[in-house]
Each structure stands twice: as C-alpha cells, then as structure tokens.
Amino acid sequence: SQQGEEDPQALSIQEGENATMNCSYKTSINNLQWYRQNSGRGLVHLILIRSNEREKHSGRLRVTLDTSKKSSSLLITASRAADTASYFCATDLNTGGFKTIFGAGTRLFVKA
Amino acid sequence: EPEVTQTPSHQVTQMGQEVILRCVPISNHLYFYWYRQILGQKVEFLVSFYNNEISEKSEIFDDQFSVERPDGSNFTLKIRSTKLEDSAMYFCASSAGLSGETQYFGPGTRLLVL
C-alpha cells in the first residue's frame with residue numbers, strides 16, 4: 001500500500017446520515033490534513049491534526065488520529081447534498097524537509 | 001480572507017514548448033509548494049520551496065522542471081520541454097510555517113499538452 005490510502009474509494013449516503021472516511025499511512029508523520037475537492041476545482045483545507053493529537057473537531061467534522069495504527073478517520077455528521085465531493089487525506093512526512101503526500105481520495109455522494 | 005492565486009487558469013501548449021505557471025502565495029507565507037493532479041488521479045507532490053531554495057522534490061520533479069521566486073510575490077513553475085504526459089492540473093500552495101501549519105491551495109492551472 002502507498003502512503004495515504006483512503007477507504008472507501010466511494011461512498012453514497014442519504015442526506016442527514018453520517019459519513020466516515022478512513023486514511024492509512026506507512027511512515028512517520030508530523031501531521032495529517034484532510035482536504036475536500038469539488039469536481040475539477042481546487043482543494044479546500046478542512047482540518048489539520050498534529051501527530052501528538054488524537055481527536056479534533058470543526059463544526060460537523062470530527063477527525064481522529066491513531067499513530068500506533070498509522071490511521072486517521074474523518075467523520076462528517078448530518079451530511080448535506082453540498083458535502084458531495086472528493087475527500088483526501090494528506091500526510092506531512094517527517095523527512096527533515098517538507099513533503100506532503102496525498103491519498104487517492106474518497107468520493108462522497110450525498111443524495112438529497 | 002487572503003488566498004493563493006494562480007495564472008493562467010488554463011493553458012494549451014504544443015509538445016516540446018516551454019510553459020511557465022505562475023502563483024502568488026499568501027503574502028506573509030514562507031513555504032511554497034507545487035502539486036499536480038492528472039485527470040481522475042490523486043494529487044501528487046512535486047516540490048517544496050523555502051528561503052529561496054528547494055527543500056524537497058519528488059521523483060516526478062526531474063530536470064525539465066524548475067521553480068523560482070523571482071520577486072517578493074510570485075512563485076513560478078517552469079516546464080522546459082513539455083510532454084503529453086505533463087497534461088494535468090497544477091496546484092500551488094503556501095503555508096506560514098513548516099510542520100503543523102495549514103497549506104492553502106490555489107485554484108489550479110489546467111495544462112493541456114497537444
């Protein structure tokens with residue numbers, strides 16, 4: 001597996017339901033970020049969690065980080081049709097320099 | 001709210017031609033990045049830049065690529081002799097600090113090499 005893999009690859013839910021996306025990585029990281037991308041558009045930063053943090057909230061978003069399992073999850077509660085997008089995790093590697101690796105993303109479709 | 005801007009939004013070029021993609025990072029940011037995203041694929045790291053030099057680069061960032069901060073505001077990516085497989089969306093990003101700082105992305109430049 002590669003650094004930064006999300007699952008599921010695609011997720012379809014009804015409006016109002018919760019959506020959970022997972023990300024796994026392989027190497028030591030400084031922090032992990034989640035981004036949203038609407039089709040063909042730029043990346044919107046959602047939340048950053050540092051390697052010494054375990055959970056973070058921002059509005060309807062909840063992110064967890066388990067460095068022992070090298071995994072993170074993004075939970076979107078009470079989803080809306082406007083949440084339809086691709087969601088990517090990105091890991092900032094602990095390389096001495098700075099290098100960010102993105103996963104392949106989860107495509108979320110929220111049905112109204 | 002300050003934002004990263006990129007020009008042009010779209011560029012079409014012939015194979016073998018040189019292209020320069022331009023970015024204006026957020027003004028007080030010190031760290032700059034270029035990424036690319038081939039259609040339907042994931043975002044790939046190309047290069048990071050700090051203090052007027054490259055900090056890290058990926059295996060994609062070979063000799064045909066170069067970056068420059070020619071003045072206090074612009075950050076450019078030059079592709080010297082474009083190939084068909086360089087067709088992609090190119091994103092610039094900037095951050096205020098290093099680890100633990102959010103990277104803010106520009107809207108991207110869609111490059112098409114014919």
Side-chain angles (χ1 to χ4, degrees), chain A residues 1-7 9-10 21 23-53 56 58 61 63 65 67 85-107, chain B residues 1-7 9-10 21 23 25-26 29-51 53-61 88-112:
Chain A
S1 65
Q2 300 179 35
Q3 180 80 353
E5 281 194 352
E6 286 95 336
D7 79 87
Q9 290 186 335
M21 290 159 269
C23 169
S24 60
Y25 58 92
K26 293 178 71 177
T27 62
S28 174
I29 63 171
N30 291 323
N31 59 57
L32 185 145
Q33 306 185 61
W34 284 91
Y35 289 85
R36 184 185 72 218
Q37 185 181 37
N38 289 76
S39 181
R41 308 281 292 277
L43 290 149
V44 175
H45 183 264
L46 296 176
I47 201 163
L48 178 151
I49 186 165
R50 302 171 197 270
S51 59
N52 61 354
E53 297 176 312
K56 212 160 179 183
S58 176
L61 306 179
V63 167
L65 179 65
T67 52
S86 290
Y87 291 82
F88 297 90
C89 71
T91 49
D92 288 348
L93 303 187
N94 191 5
T95 62
F98 36 109
K99 186 174 184 178
T100 302
I101 303 298
F102 279 77
T106 292
R107 289 154 202 57
Chain B
E1 186 175 328
E3 57 183 20
V4 177
T5 59
Q6 290 185 242
T7 54
S9 58
H10 295 77
L21 309 183
C23 169
I26 294 173
H29 284 184
L30 301 175
Y31 300 82
F32 314 110
Y33 315 81
W34 281 102
Y35 297 84
R36 80 172 186 191
Q37 186 179 32
I38 295 170
L39 187 64
Q41 299 186 23
K42 66 179 181 180
V43 176
E44 298 174 290
F45 171 84
L46 292 178
V47 66
S48 56
F49 190 87
Y50 168 69
N51 200 26
E53 59 183 28
I54 290 173
S55 174
E56 288 271 1
K57 58 183 182 178
S58 71
E59 46 288 348
I60 301 169
F61 194 88
M89 181 76 96
Y90 288 81
F91 293 105
C92 171
S94 70
S95 63
L98 179 51
S99 179
E101 293 288 341
T102 298
Q103 291 184 36
Y104 293 89
F105 280 73
T109 293
R110 185 167 294 284
L111 176 65
L112 178 61

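Below, each value reflects all heavy atoms present in this structure, side chains not excepted, and no hydrogens, waters or symmetry copies. So that the names make sense, note that chain A is the first sequence line, chain B the second, and so on, each numbered from 1.
Taken to the nearest 0.5 Å, the CZ atom of B:Phe105 stands 9.0 Å off from the NE2 atom of A:His45.
Proximity of A:Gln37 to B:Phe91: side-chain heavy atoms (C-beta onward) are separated by under 4.5 Å at one or more points.
Considering all non-hydrogen atoms of both residues, B:Lys57 and A:Lys99 come closest at O-NZ, 4.3 Å. Scanning both residues, B:Gln37 and A:Phe88, for their nearest heavy atoms gives NE2-CZ, 3.9 Å. Pairing each heavy atom of A:Gln33 with each of B:Thr102, the nearest pair is OE1-CA, 3.7 Å. A:Phe102 and B:Lys42 make their closest contact through O-CD, 3.5 Å (heavy atoms, listed as atom of the first residue, atom of the second, distance).
Neither the backbone nor the side chain of B:Glu44 comes within contact range of chain A, judged by heavy atoms closer than 4.5 Å. For B:Tyr35, the part lying near chain A is the side chain, with the backbone staying farther off; criterion is any non-hydrogen pair under 4.5 Å. For B:Phe45, the parts lying near chain A are the backbone and the side chain together; criterion is any non-hydrogen pair under 4.5 Å.
Atom NZ of A:Lys56 has more than 12 heavy atoms from other residues, nucleotides or ligands within 6.0 Å.
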